[in-house]
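Just below is one structure, and these are the notes that go with it.
All residue numbers in this chain count up from 1 along the given sequence.
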Amino acid sequence: MGLDSIFGEMPEYRIKKLNTLFDAFSVAAEGTYVYVCDMRYDVSRWSEAAVVKFGLPGEYMKAAGDIWEKKIHPEDREVYHNGIEEIFAGVQNGHDMQYRARKPDGAYDVCTCRGTVLRDDKGNLNYFVGVIRNHGVQGHIDTVTGLRNQYGLLEDIQYNMENHFEMNFTMVGIGKFSEYNEVYGYHFGNKILQKFGRYLHDFVGNTGSVYRLDGTKFGVISRGLHEDIIKQKYEEIRKYVRSSFVVDGIPLVLDLNAGYIHVSNFDVDYETVYSCVNFVYGESKVRRQGNLVEFLNDLNDENRYRVEKFHSIRDSIIRDYQGFYLVFQPVVDSETEEVIGAEALLRWKDDKYGTVPPDHFIPLLERDPLFPKLGEWILRTAIEASKSIIRDNPEFVMNVNLAYTQLEEPGFVDKVLSILDATKYPPENLCLEITERCRLLDIQLLRNIIVNLRGHGIQIALDDFGTGFSSIGIVKDLSFDIIKIDRSFVSMIEEDVRERKLIATFVDAATTYGAKVCVEGIETEGMKQILRNYNVKSFQGYYFARPLLYSDFVDFVRNKK
């Protein structure tokens, strides 16, 4: 079809206007296909790249909406058709939809189409302009859902922050997803992700952008939404996936977890923002039964933002661990009260924030991708600190906590052994503590790590016994050298006979499986004397000593000899 037949009776000034709008939008729409439609004459101009990619009749088209509709996948066509009809009827002022478009070879690319109506001075329909993003040719696209992936999300967060655009970043994930893979297979699992991703995209609509992150997690970036609206929308999503979510005719009930942050502080980096949201997402999953958890930027510590503070702490890892240091809390023999070991504890301070309480940053750092690097520094520093002590106290054992992000790292055991080899430190003088947060790991992976480390002479302790992850079942499944009973179970032991019975049960369980028992949180003479009635090997607590700087700890050890 020639241009004359396409333009027909369209005035020359309208043709020039069409081209002017097209050129203007093309400048601002890098990486997408641009379309501009003169709604009075139904004549459109499309990007040449789209013409070539999808085999369209030409750059200029009459009734382009009908031509494009034939390219759309049959399952997506009705939604597209209804949307275009509403736009040309003046019912809607634009659209934001995702569909699959067919290429000349018969394959389909996932596309996101966003457009808006321009009206004249009298309010009449004038032009329909927009862009189409072809996810099949984009670098940051998730192949399962067609959504932008985690790299795309980080790129967009960074762009917003560099331009000082306030935004809300929400992370939503599907819980207990492995159960569906086990029952229905991985192909069906992908269908769940596709269905949920498309629902989330449609639900968010023009209010934000949706991304597929790692595993079963999705991200949403939105602007201008109040906290109450975000919570309301999340509850609507939860209601839908609990009552109306169907895949291949099978009704499913999905459990969701979610965390979010409102970003208005641009003195931090985008990775810090992501880590903060990942932390509260974990809180939603582990402690809040899937309720939406906000990372609060409440003002504290002399009116300084938590996010800004956390950014400084993360940055310290990159700056050769500036501001980080270790303190050491003694572990004493329950009978002789001689120092038989210590637990290395992480601290951080700088001139701006002072000394930051560990519970303000360690739970966040443990979920951060940078933590394994910091974990190696902690292990090496603790080992170097204890080398001089074991020369005079050959039985002394240094305890170092592990986070699940370290254990997930490929070659974690080899890294530990490499540090021991480099420092010439005896493996039997090292005890690695598995914390309750490691419950997120696969039990077989954890078993393999523990067996390997113990096989090289390294002791393994189970921390926080009796809380969360630490249960009788874990002690039965895994082999530990030491069981550390949490302070929460002995705080009232002098007054409450039930706590004494509970301690007796815990000690019996631990010793049944060949582990020694250490009780934390000893604060009084009375607590110490009561616990001596049980088969407890060691004590730890303020009654003996608070966590000490290295020089003070060395003096403490010498004075106890």
Heavy atoms from other residues, nucleotides or ligands near CD of Glu523 exceed 12 (cutoff 6.0 Å): yes

Residues Lys537, Asp333; criterion salt bridge (Lys or Arg N to Asp or Glu O under 4.0 Å); working and verdict: CA-CA 6 Å; Lys537 173 63 178 175; Asp333 184 274; 3.5 Å; yes

Shortest non-hydrogen contact between Ile450 and Ser479, atoms and distance: CG2-O, 3.2 Å

Gln540 vs Arg487 side-chain heavy atoms within contact, under 4.5 Å: no

Point-to-point distance, once rounded to the nearest 0.5 Å, from CG of Leu213 to CG of Asp142: 9.0 Å

Whether over 12 other heavy atoms sit under 6.0 Å from Lys528 NZ: yes

Gap separating the CG atom of Leu531 from the CD1 atom of Ile493, nearest 0.5 angstrom: 4.0 Å

From NZ (Lys516) to SG (Cys431), nearest 0.5 Å: 10.5 Å

Residue pairs passing the side chain to side chain donor-acceptor pair (under 3.5 Å) test where at least one lies in residues 419-429, sequence neighbours excluded: Ser386-Tyr425

Tyr542 side chain near Pro547 side chain, heavy-atom distance below 4.5 Å: yes

Side-chain touch Leu193/Phe218, heavy atoms, less than 4.5 angstrom: yes

Enclosure of Lys349 NZ (heavy-atom neighbours >12, cutoff 6.0 Å): no

Contact check, side chains of Leu430 and Leu379, non-hydrogen atoms, under 4.5 Å: yes

Value rounded to 0.5 Å, distance of CD in Gln150 from CG in Asp214: 5.0 Å

Sub-4.5 Å side-chain heavy-atom contact between Leu346 and Leu326: yes

Pair Tyr534-Ile485, side-chain contact (heavy atoms from CB on, under 4.5 Å): steps then yes or no: CA-CA 13 Å; Tyr534 303 95; Ile485 297 177; over 6 Å; no

Criterion side-chain contact (heavy atoms from CB on, under 4.5 Å) on Leu254 and Ile192, from CA distance to verdict: CA-CA 10 Å; Leu254 302 185; Ile192 295 176; 4.3 Å; yes

Minimum-distance pair of heavy atoms, taken over all atoms of Ile530 and Glu494: CD1-CA, 3.7 Å

NZ/Lys217: more than 12 non-hydrogen atoms of other groups inside 6.0 Å: yes

Minimum-distance pair of heavy atoms, taken over all atoms of Ile221 and Asn160: CG2-ND2, 3.7 Å

Verdict with supporting geometry, Tyr270 and Asp156, side-chain contact (heavy atoms from CB on, under 4.5 Å): CA-CA 9 Å; Tyr270 63 93; Asp156 290 351; over 6 Å; no

Leu445 vs Leu407 side-chain heavy atoms within contact, under 4.5 Å: no

side-chain contact (heavy atoms from CB on, under 4.5 Å) assessment of Val327 paired with Leu549: CA-CA 5 Å; Val327 292; Leu549 293 172; 3.9 Å; yes

Phe328 and Tyr550 aromatic ring geometry - parallel, tilted or perpendicular at 30°/60° bounds: perpendicular

Minimum heavy-atom distance Cys518-Val331, with the two atoms named: SG-CG1, 4.4 Å

Aromatic plane relationship, Trp377 with Tyr321 - under 30° parallel, 30 to 60° tilted, over 60° perpendicular: parallel

Reported CE-to-CD1 distance for the pair Met167 and Ile157, which is rounded to 0.5 angstrom: 5.0 Å

Non-hydrogen side-chain atoms of Val517 and Ile482 separated by less than 4.5 Å: no

Side-chain donor-acceptor contact under 3.5 Å, Asn401 with Glu343: yes

Neighbour count >12 (heavy atoms, 6.0 Å) for atom OH, Tyr159: no

Heavy-atom closest contact (Ile458 atom, Asp481 atom, distance): O-OD2, 4.1 Å

Partners meeting side-chain contact (heavy atoms from CB on, under 4.5 Å) with Gln322 (sequence neighbours left out): Arg319

Contact summary for His262 and Asn168, nearest pair of heavy atoms: ND1-OD1, 2.9 Å

Donor-acceptor pair between Ser222 and Tyr260 side chains, under 3.5 angstrom: no

Backbone of Ile389 reached by a side-chain donor or acceptor of Asn393 within 3.5 Å: yes

CZ/Arg546: more than 12 non-hydrogen atoms of other groups inside 6.0 Å: no

Leu374 CG to Gln406 CD distance, which is reported to the nearest 0.5 Å: 8.0 Å

Contact check, side chains of Leu345 and Pro358, non-hydrogen atoms, under 4.5 Å: no

Residues in side-chain contact (heavy atoms from CB on, under 4.5 Å) contact with Val277, at least two apart in sequence or another chain: Phe169, Met171, Ile261

Member of Lys233, Arg238, Gln232 meeting the side chain to side chain donor-acceptor pair (under 3.5 Å) criterion with Glu236: Gln232

